Enquirer: 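Could you have a look at this structure, given as structure tokens, before my questions?
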Amino acid sequence: GGPPMPTSVSIDSDDLRYPKAWGMPRLREAIAAYYNQWYGSNLEPENIMVFAGGRPAIVATLLFLDPDVNVRVASTEYTPYYDILERLGRRYSLVPSTVDNGFAPSVSDYLATDERSFIVTSNPCNPTGVTRSGSDLARLVQATEADGVGALVDEAYELFHDPPVSALEYVDDINTSNLFVVGAATKGLQAPGIRVGWIVASKEHVEILSNFSSFGMGGVSHPSQKYALELFQPDRVAQAREAVPAFYGAQRARYGDALREMGLELHSGNGGFYHWCRLAGELTAAELNERLFTEGAAVLKGTDCDMARLGDSSPLRGFFRFSFGPLSPTSFDSDVSIMRRVLES
């Protein structure tokens, strides 16, 4: 039920020149207009910085943190966060995200430090699908208006919650905030291959990131940005915001029912396109994968989402992330059959 994908973009000689470090002006305008229309924000193009995907935006933001800032990240989170923090040498501390709190740390949990802090969180969460919204999300946004507190909210799965949710709905003035919101054409707009993402932040922060791009990134391909601009056509966006939550919500429900029937314990939220599952007994996700490999299938092990990287001693060794995102509706029966077969073996 989604809109058709564009099949071509027009390229002229200007598009073969070096792109602007901060992004194509028309695309920045379109992204700002999108958030203003759907979330009632008051953004200007200067609040937008275009990157070659969401992850480069996250890396660049963390690269420029002051050395004394303590990054606060949930103990169960998006796998690359660990590698990014480690490779950049950032100081970070973990906020418990476990069965006991429903894999949903409170805002107070994140703020339970006397140090200058910077919260990094995916929302909806990858791998759990737990989604922060309403007054809870508003409180997180309000915290970034105080001195010494910032947050990066990774909204790659924005459209995979019904209704779609964004931290920008709760921002009074982005230019007086230490909030960074990351978005991308990857998931909701269904075009991962064009490698276009963006950050929404204060003009001051965007200027710093733009200066970085001038020497560290060099801008993003004009053909890719022009394709992204087509994806932001208002009628197309309106259709995507209806179709994506509806389709993936139905997929989430039917795969959830099937996984429960197999005896799996689900700790999934209501966002993203994953189920966060716990195996019964002593079976680990690593052992499950060994069985799935023979069927040409695999899941993401819970230990890969453990920000403490505890390996075999991890409390997540019996958890796994089941992705229904790339699965065709017609493959449901065979998908379920494979999972049931390996669990019964």
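Everything quoted here is computed from the prediction, not taken from an experiment.
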Enquirer: Are any side-chain N or O atoms of Q225 and backbone N or O atoms of G23, one a donor and one an acceptor, separated by less than 3.5 Å?
Expert: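 Not at all, since once roles are kept as given, no pair shorter than 3.5 Å links the two residues.
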Enquirer: Here's one to test your reading of the geometry: is the NZ or CZ of R321 within 45 degrees of the ring axis of Y274 and under 6.0 Å from its centre?
Expert: yes
Enquirer: Using 0.5 Å steps for rounding, measure from the CG atom of L63 to the CD1 atom of I84.
Expert: 11.5 Å
Enquirer: Closest heavy-atom contact between P19 and G218?
Expert: CG-O, 3.6 Å
Enquirer: Do the side chains of L168 and I174 get nearer than 4.5 Å, heavy atoms only?
Expert: yes
Enquirer: Side chain to side chain contact (heavy atoms under 4.5 Å, CB included), that's the test. Do M5 and L231 meet it? Break it down for me.
Expert: CA-CA 8 Å; M5 300 300 290; L231 299 180; 4.0 Å; yes
Enquirer: Do you see a donor-acceptor pair shorter than 3.5 Å between the side chains of T330 and S328?
Expert: yes
Enquirer: Just wondering, are more than 12 heavy atoms of other shown residues or ligands nearer than 6.0 Å to CD in E207?
Expert: no
Enquirer: About how many Å separate OG1 of T121 and CD of E155, when rounded to the nearest 0.5 Å?
Expert: 10.0 Å
Enquirer: In terms of relative ring orientation, are Y255 and F322 parallel, tilted or perpendicular, with 30° and 60° separating the classes?
Expert: tilted
Enquirer: Quick one: which of V181, V50, T61 gives a side chain to side chain contact (heavy atoms under 4.5 Å, CB included) with I199?
Expert: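 The passing option is T61.
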Enquirer: Hey, is the main chain of I48 close enough, under 3.5 Å, to the side chain of R28 for a donor-acceptor pair?
Expert: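 Confirmed, R28 side chain pairs with I48 backbone.
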Enquirer: Give a yes or no on whether the backbone of M24 and the side-chain of E29 come within a donor-acceptor separation of less than 3.5 Å.
Expert: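 No; judged by distance alone, with no hydrogens or angles, the pair does not exist.
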Enquirer: Without swapping roles, check the side chain of S268 against the backbone of W276 for a donor-acceptor pair under 3.5 Å.
Expert: yes
Enquirer: Is there a path from F103 to L94 through hydrophobic residues (I, L, V, M, F, W, Y) whose side chains come within less than 4.5 Å of each other?
Expert: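 Different hydrophobic clusters.
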Enquirer: Might you point out which heavy atoms bring A21 and S213 nearest each other, and give the distance in Å?
Expert: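 Where A21 meets S213 most closely, the heavy atoms are O-OG, 2.8 Å.
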Enquirer: First locate atom NE2 of H275, then atom CZ of R260, and finally report the distance between them rounded to the nearest 0.5 Å.
Expert: 6.5 Å
Enquirer: Apply side chain to side chain donor-acceptor pair (under 3.5 Å) to residues T79 and D304 and explain how you reach the verdict.
Expert: CA-CA 6 Å; T79 302; D304 294 330; over 6 Å; no
Enquirer: Would you say R195 has more than 12 foreign heavy atoms packed within less than 6.0 Å of its CZ?
Expert: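 Counting other residues, nucleotides and ligands, CZ of R195 exceeds 12 neighbours.
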Enquirer: Report yes or no: do F293 and L288 belong to one cluster of Ile/Leu/Val/Met/Phe/Trp/Tyr joined by side chain heavy-atom distances under 4.5 Å?
Expert: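 Per the 4.5 Å side-chain linkage, F293 and L288 are not co-clustered.
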Enquirer: Quick one: ring pair (Phe, Tyr, Trp, His ring centres under 6.0 Å) partners of F232, sequence neighbours excluded?
Expert: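 Expected list: Y34, W198.
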Enquirer: Closest heavy-atom contact between V69 and S117?
Expert: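 Nearest heavy atoms, V69 then S117: CG1-C, 4.0 Å.
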Enquirer: Please check this pair: side chain of T131 against backbone of G129, looking for a donor-acceptor N/O pair closer than 3.5 Å.
Expert: yes
Enquirer: Using a strict cut-off of less than 4.0 Å between a Lys/Arg side-chain nitrogen and an Asp/Glu carboxylate oxygen, indicate whether R17 and D14 qualify as a salt bridge.
Expert: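 Looking at D14 together with R17, the answer is yes, because their closest N to O distance falls below 4.0 Å.
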Enquirer: Give the C-alpha distance, both sets of side-chain angles, the deciding distance and a yes or no for side chain to side chain contact (heavy atoms under 4.5 Å, CB included) between N42 and V171.
Expert: CA-CA 9 Å; N42 189 28; V171 175; over 6 Å; no
Enquirer: Apply the test salt bridge (Lys or Arg N to Asp or Glu O under 4.0 Å) to residues E158 and R241: give CA-CA distance (whole Å), side-chain angles for both, the deciding distance (0.1 Å), then the verdict.
Expert: CA-CA 10 Å; E158 171 202 349; R241 286 177 61 90; 3.5 Å; yes
Enquirer: Backbone N or O of Y35 within a donor-acceptor pair of the S41 side chain at under 3.5 Å?
Expert: yes
Enquirer: Drop me the distance from T113's OG1 to R116's CZ, to the nearest 0.5 angstrom.
Expert: 12.0 Å
Enquirer: With clusters defined by side-chain heavy atoms of hydrophobic residues (ILVMFWY) lying less than 4.5 Å apart, directly or transitively, does F51 cluster with L88?
Expert: yes
Enquirer: Between atom CG of L316 and atom OG of S75, what is the distance when rounded to the nearest 0.5 Å?
Expert: 7.0 Å
Enquirer: Indicate whether any N or O donor in one side chain lies under 3.5 Å from an N or O acceptor in the other, for N175 and S202.
Expert: no
Enquirer: Between R291 and E344, is there a side-chain N and carboxylate O pair less than 4.0 Å apart?
Expert: no
Enquirer: Does either side chain, that of S214 or that of N211, offer a donor lying less than 3.5 Å from an acceptor on the other one?
Expert: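 No, N211 and S214 have no side-chain donor paired with an acceptor closer than 3.5 Å.
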Enquirer: Check the angle between the aromatic planes of Y248 and F273 and answer parallel, tilted or perpendicular using the 30° and 60° thresholds.
Expert: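 Judged by the thresholds at 30° and 60°, the geometry between Y248 and F273 is tilted.
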Enquirer: Answer whether the closest heavy-atom distance between the side chains of H205 and M49 falls below 4.5 Å.
Expert: no
Enquirer: From E230 CD over to T7 OG1, what is the distance, rounded to the nearest 0.5 angstrom?
Expert: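 The CD atom of E230 sits 9.5 Å away from the OG1 atom of T7.
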Enquirer: Judged by modelled atom types alone, do R139 and S108 share a side-chain donor-acceptor pair under 3.5 Å?
Expert: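 Yes.
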Enquirer: Using ring-ring contact (aromatic ring centres under 6.0 Å, His included) as the criterion, point out the one residue from F180, Y92, Y110 that pairs with F118.
Expert: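 For F118, the ring-ring contact (aromatic ring centres under 6.0 Å, His included) check succeeds only for F180.
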Enquirer: Is it true that, when you exclude D312 itself, more than 12 heavy atoms of the residues, nucleotides or ligands shown sit nearer than 6.0 Å to its CG?
Expert: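 At most 12 heavy atoms, drawn from other residues, nucleotides or ligands, come within 6.0 Å of this atom.
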Enquirer: Can you name the closest pair of heavy atoms from P45 and A32 and give their distance?
Expert: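 Answer, listing the atom of P45 first, then A32: N-CB, 4.2 Å.
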Enquirer: Just checking R26: does its CZ atom have more than 12 heavy atoms from other residues, nucleotides or ligands closer to it than 6.0 angstrom?
Expert: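 Counting neighbours around CZ of R26, 12 or fewer heavy atoms of other residues, nucleotides or ligands fall under 6.0 Å, so no.
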Enquirer: So, Y82 versus E77: side-chain donor-acceptor pair below 3.5 Å or not?
Expert: no
Enquirer: Is a side-chain N or O of N289 found less than 3.5 angstrom from the main chain of A286, in a donor-acceptor match?
Expert: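 Side chain of N289 to backbone of A286: no pair is present.
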Enquirer: Using a 6.0 Å cut-off, check whether atom CG of D12 has over 12 heavy atoms from anything other than its own residue.
Expert: yes
Enquirer: If you count the non-hydrogen atoms of other residues, nucleotides and ligands that lie under 6.0 Å from CD in E242, is the total more than 12?
Expert: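 Counting neighbours around CD of E242, 12 or fewer heavy atoms of other residues, nucleotides or ligands fall under 6.0 Å, so no.
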Enquirer: Should L300 and F319 be counted in the same cluster of Ile, Leu, Val, Met, Phe, Trp and Tyr side chains packed under 4.5 Å apart?
Expert: no
Enquirer: Give a yes or no on whether a salt bridge exists between R87 and D83, defined as a side-chain N under 4.0 angstrom from a carboxylate O.
Expert: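 Judged by the 4.0 Å cut-off on N to carboxylate O distance, R87 and D83 do not form a salt bridge.
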Enquirer: Donor-acceptor pair, S331 side chain versus S334 backbone, under 3.5 Å?
Expert: no
Enquirer: Got more than 12 heavy atoms from elsewhere within 6.0 Å of CG, D147?
Expert: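 It does not: D147 CG has 12 such atoms or fewer within range.
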Enquirer: Can you confirm if the aromatic rings of Y78 and Y157 lie within a centre distance of less than 6.0 Å?
Expert: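 When the ring centroids of Y157 and Y78 are compared, they turn out to be at least 6.0 Å apart.
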Enquirer: Determine whether L283 and L343 satisfy the following criterion, side chain to side chain contact (heavy atoms under 4.5 Å, CB included), listing intermediate values before the conclusion.
Expert: CA-CA 9 Å; L283 184 66; L343 288 172; 4.3 Å; yes
Enquirer: List in chain and number order the residues that pass ring pair (Phe, Tyr, Trp, His ring centres under 6.0 Å) with Y18, two or more places apart in sequence or in another chain; answer none if no residue qualifies.
Expert: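 With sequence neighbours excluded, Y18 shows a ring pair (Phe, Tyr, Trp, His ring centres under 6.0 Å) to no residue whatsoever.
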Enquirer: Does V120 form a side chain to side chain contact (heavy atoms under 4.5 Å, CB included) with D154? I'd like the steps, not just the answer.
Expert: CA-CA 8 Å; V120 174; D154 181 354; over 6 Å; no
Enquirer: Under the 3.5 angstrom rule, does the side chain of D257 hit a backbone N or O of R254 as a donor-acceptor pair?
Expert: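 No, because the side chain of D257 does not come within donor-acceptor range (under 3.5 Å) of the backbone of R254.
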Enquirer: In the structure I gave you, are the side-chain heavy atoms of S135 and Y170 within less than 4.5 Å of one another anywhere?
Expert: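 Result no, sub-4.5 Å side-chain heavy-atom pair not found.
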Enquirer: Determine yes or no for a side-chain-to-main-chain donor-acceptor pair under 3.5 angstrom, with S345 supplying the side chain and V342 the backbone.
Expert: yes
